[in-house]
Amino acid sequence: MSAFELVVDTRSQLGECPLWSPAEQLLHFVDIKAGHIHSFEPKTGALGSMTLPEEVGCIGLSRRGGFVAGLRSGIWLLDGQGAPVEKLADNPEDQQISRFNDGMVDPAGRFIAGTVDETREKGIASLYRYDRRGLEKLAGGLLTSNGVAFSPDGGTLYHSDTLRYTVFAYDYDVATGAVSGKRVFARFTPTESDKGRPDGAAVDVEGCYWTALFEGGRVQRYSPEGVLLAEFQTPVKCPTMVTFGGADMKTLYLTSARVGRPPEELAEFPHSGSLFAMRTDVAGVAKPLFNPES
């Protein structure tokens, strides 16, 4: 029995990057493969959608309005209707096999976003920082960059390489955007019956890290020291990312995937790809706004 309840039956191909907007009281989230940004209003149940000209991996809210977004081609500014306004940086990798994937705005307003190696074997993906100085690589040699989140004080950056079943932690200098002290925060061991691996993540006000386990059918909560504190079953096998929202920031939203999943899995979990939510005892940390001048 899962504590998560179905919120919107979108059945997205690859739902990702749920993002709560306190000002709008809306939850934005994407369908990567369809190139959609959805906007859900919990108060009314209304769902709006925007269609982009290419795949969209991650989004952040901009202080100028609209979004900063990681697309296949690079990092873009979008208006409130999802229309491209300005390309900030090219994806420097081979865009035939690479696109931007997971990302979020850091405490100083920079955009931290990583890519995915679609060959799943070359290790060409990287984690990048974008600010007024341009695009800078923070970590390379990755397969699937994921799980970006920050501790409440901004001093720790979390980041996972999904296909290597590992979450890393770094010391993060909020003033400069520099990283150091890379270390393993959590490592997962796949088995024949459980291939759960770390996907998108969020942090709560107690500094605990919540991660969705793709193909693992659960969400886990870790202490700042990397100790597993709690585990929550999900109503899908492939949860993709969590975020906190709601007026009190105690609603945990969860996106999920259905693309490429076998028919028997979709028969067992028919709402795969949809948006879910559960209430929590602890509040989450609100996401900062992107500042192009940072």
Side-chain angles (χ1 to χ4, degrees), residues 7-8 15-32 35-43 46-52 55-71 74-89 100-114 128-132 135 146-152 154 157-158 172 174 177 200-205 210 240-255 275 277 283-294:
V7 173
V8 186
E16 269 284 9
C17 201
L19 173 66
W20 180 253
S21 171
E24 302 169 289
Q25 290 293 291
L26 294 176
L27 183 84
H28 304 290
F29 61 103
V30 309
D31 182 346
I32 294 178
H36 291 159
I37 299 176
H38 298 299
S39 300
F40 171 66
E41 185 176 32
K43 184 177 180 180
L47 181 72
S49 298
M50 319 167 200
T51 300
L52 279 65
E55 294 159 301
V56 51
C58 54
I59 53 175
L61 297 170
S62 173
R63 65 182 298 180
R64 296 179 179 176
F67 306 92
V68 59
L71 309 184
I75 295 175
W76 288 78
L77 282 178
L78 310 176
D79 67 17
Q81 287 69 53
V85 173
E86 179 185 355
K87 191 177 193 180
L88 300 176
F100 274 96
N101 191 45
D102 175 88
M104 69 167 285
V105 178
D106 85 352
R110 309 176 189 91
F111 195 48
I112 310 299
Y128 298 93
R129 179 192 69 233
Y130 176 81
D131 58 21
R132 67 179 187 279
L135 196 68
N146 240 323
V148 174
F150 288 89
S151 60
L157 164 64
Y158 299 99
Y172 192 76
V174 176
V203 168
D204 63 35
V205 294
W210 298 66
T240 55
M241 186 173 175
V242 289
T243 201
F244 289 91
D248 60 1
M249 294 296 288
K250 289 185 177 180
T251 298
L252 189 70
Y253 288 99
L254 172 72
T255 50
L275 179 70
V285 178
K287 302 290 179 66
L289 301 178
F290 175 66
N291 180 7
E293 283 76 46
S294 288

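Note on residues 245-254: pairs passing side chain to side chain donor-acceptor pair (under 3.5 Å), not counting sequence neighbours, are Asp248-Arg279, Thr251-Arg279.
Nearest heavy atom pair, residue Met104 against residue Pro288, reads CE-CD, 4.2 Å. The two atoms that bring Ser39 and Met50 nearest to each other are OG-CE, 3.6 Å, heavy atoms only. Nearest heavy-atom pair across Gly82 and Leu52 is O-CG, 3.7 Å. Between Trp20 and Pro22, the shortest heavy-atom contact is O-CD, 3.4 Å. Here the closest non-hydrogen pair linking Phe67 and Gly80 is CE1-O, 4.2 Å. Of all non-hydrogen atoms in Phe111 and Gly70, the two that sit nearest each other are CE2-N, 4.0 Å.
Within the 4.5 Å cutoff, the side chain of Pro152 has no heavy atoms near those of the Val205 side chain. Side-chain contact between Cys17 and His28 is absent, with no heavy-atom pair separated by less than 4.5 Å. Residues Lys287 and Thr243 meet the side-chain proximity criterion, which asks for heavy atoms closer than 4.5 Å. You'll find the side chain of Asn101 reaches within 4.5 Å of the side chain of Ile32, heavy atoms only.
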Table please: side-chain donor-acceptor pairs of residues 55-65 below 3.5 Å, with sequence neighbours left out.
residue: Glu55; atom: OE1; partner: Arg72; partner atom: NE; Å: 2.7
residue: Glu55; atom: OE1; partner: Arg72; partner atom: NH2; Å: 2.8
residue: Ser62; atom: OG; partner: Arg64; partner atom: N; Å: 3.2
residue: Arg64; atom: NH2; partner: Glu293; partner atom: OE2; Å: 2.5

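For Asp102, the side-chain contact (heavy atoms from CB on, under 4.5 Å) partners two or more places apart in sequence, or in a different chain, are Asn146, Val148, Met241. When the side chain to side chain donor-acceptor pair (under 3.5 Å) test is applied to Tyr128, the partners found at least two apart in sequence or on another chain are Glu93. Partners of Phe29 according to the ring-ring contact (aromatic ring centres under 6.0 Å, His included) rule, which considers only residues two or more places apart in sequence or in another chain, are His38. Not counting sequence neighbours, the partners of Asp204 by the side-chain contact (heavy atoms from CB on, under 4.5 Å) test are Glu206, Cys208, Trp210, Arg221, Phe244, Val282. Residues passing the side-chain contact (heavy atoms from CB on, under 4.5 Å) test with Val7 are Phe40, Leu275, Ala277, sequence neighbours excluded. Here Asp106 pairs with Arg110, Tyr172 under the side chain to side chain donor-acceptor pair (under 3.5 Å) rule; sequence neighbours left out. In this view, Glu41 and Leu26, Lys43, Thr44, Ala46 satisfy the side-chain contact (heavy atoms from CB on, under 4.5 Å) rule, not counting sequence neighbours.
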>> For a side chain to side chain contact (heavy atoms under 4.5 Å, CB included) check, start with the C-alpha distance between Val68 and Ile75, then their side-chain angles and the critical distance, and finish with the verdict.
In response: CA-CA 7 Å; Val68 59; Ile75 295 175; 3.9 Å; yes

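Using cut-offs of 30° and 60° on the angle between ring planes, the pair Tyr130 and Phe290 is tilted.
Looking only at distances, a side-chain donor or acceptor of Thr240 sits under 3.5 Å from a matching main-chain atom of Thr255.
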